Each structure stands twice: as C-alpha cells, then as structure tokens.
Amino acid sequence: EVQLVESGGGLVQPGGSLRLSCAASGFSFGSSDMSWVRQAPGEDPDWISAIRSGGVVKFYDNSVKGRFTISRDNAKKTVYLQMNSLKSEDTAVYYCNARATILTPLKYDYWGQGTQVTVSS
C-alpha cells in the first residue's frame, strides 16, 4: 500500500543537471518529513537533503549545498531534488525517505527502491 517511487536518474556528464522525483502514496504525505539519501558502492548511506512537512525548513549536506535544491508539491504528493553542476562523486543510488519527523524513524520509516545517477564523461 505504501509506495515511494523514484524517477529521473540516468547518465549525465560532469557539470550537467538532473531532476529526481519521488511520488508517494498510501500514507499522509502532507504530514511527513521527506529526505533524499544516496549510497555509492562500498560506502555508507549519505543523508544529503531533507525538507520538513511545511516545506520551509530544509537541510543540505555540505557536499551538495549550493548545487542541489529540494522541494515538494503536496498536491501532487511528490518530492523533488534538482541537481546542478554534477560531479563524478555524485554517482550513487538515490533513495527517497518518508518519516513523521526526520528526527526519528520510530513512528514510520518508508523507503523507495532508488534511482541510479551516474556522472561520467
């Protein structure tokens, strides 16, 4: 019933841009904090961005700050990640996450299947 479906990944050259989308269903999206998490092969997951349910408070890891922008459209139940000035080190699987609050996964902790982003020339 609960679904998070990422899309928009692919192969892009360094300096290029991609826009990831995560479509949600089966839970109260408008009351949920949303995040993007990425994981490169052999590396720990990196919590790169988050947006609170109200859409005002946002978080960016220093590795993506100034290049990536998180946003949400509650009417469409979708969260986005606009990625600009992409670097080879951005190559990873990007996952969408939903929680009642980003501070704890105790109430619920939903994950999508991920979308592959590859930055290479």
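Since the structure is predicted, the reported quantities are computational estimates derived from the model, not experimental observations.
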With a 3.5 Å distance limit and no angle check, can you tell me whether [X] reaches the backbone of [Y] through a side-chain donor-acceptor pair?
| X | Y | answer |
| --- | --- | --- |
| Tyr80 | Thr69 | no |
| Arg67 | Ser85 | yes |
| Thr91 | Val119 | yes |
| Ser49 | Phe59 | yes |
| Asp46 | Gln39 | no |
| Glu6 | Gly114 | yes |

Tell me whether [Y] is reachable from [X] by hopping between hydrophobic residues (I, L, V, M, F, W, Y) whose side-chain heavy atoms are closer than 4.5 Å.
| X | Y | answer |
| --- | --- | --- |
| Ile51 | Phe27 | yes |
| Val5 | Tyr110 | no |
| Trp36 | Leu18 | yes |
| Val93 | Met83 | no |

Just wondering, more than 12 heavy atoms not from [X] lying within 6.0 Å of its [atom1]?
| X | atom1 | value |
| --- | --- | --- |
| Gln116 | CD | yes |
| Gln113 | CD | no |
| Lys76 | NZ | no |

State, yes or no, whether a side-chain contact exists between [X] and [Y] at a heavy-atom distance under 4.5 Å.
| X | Y | result |
| --- | --- | --- |
| Lys77 | Ser25 | no |
| Asn74 | Phe29 | yes |
| Cys96 | Met34 | yes |
| Leu11 | Ser120 | yes |
| Leu20 | Val117 | yes |
| Arg38 | Asp90 | yes |
| Arg99 | Leu106 | no |
| Thr101 | Arg52 | yes |

Tyr94 and Phe68 aromatic ring geometry - parallel, tilted or perpendicular at 30°/60° bounds: tilted

Roughly how far, to the nearest 0.5 Å, is the OH atom of Tyr60 from the CD1 atom of Ile70? 6.5 Å

For [X] against [Y], the heavy-atom pair lying closest together:
| X | Y | value |
| --- | --- | --- |
| Ser21 | Thr78 | CB-CG2, 4.2 Å |
| Ser121 | Pro14 | N-CD, 3.7 Å |
| Asp109 | Asn97 | OD1-ND2, 2.7 Å |

Is there a side-chain contact (heavy atoms from CB on, under 4.5 Å) between Val64 and Leu81? Walk through the geometry before answering. CA-CA 11 Å; Val64 306; Leu81 187 68; over 6 Å; no

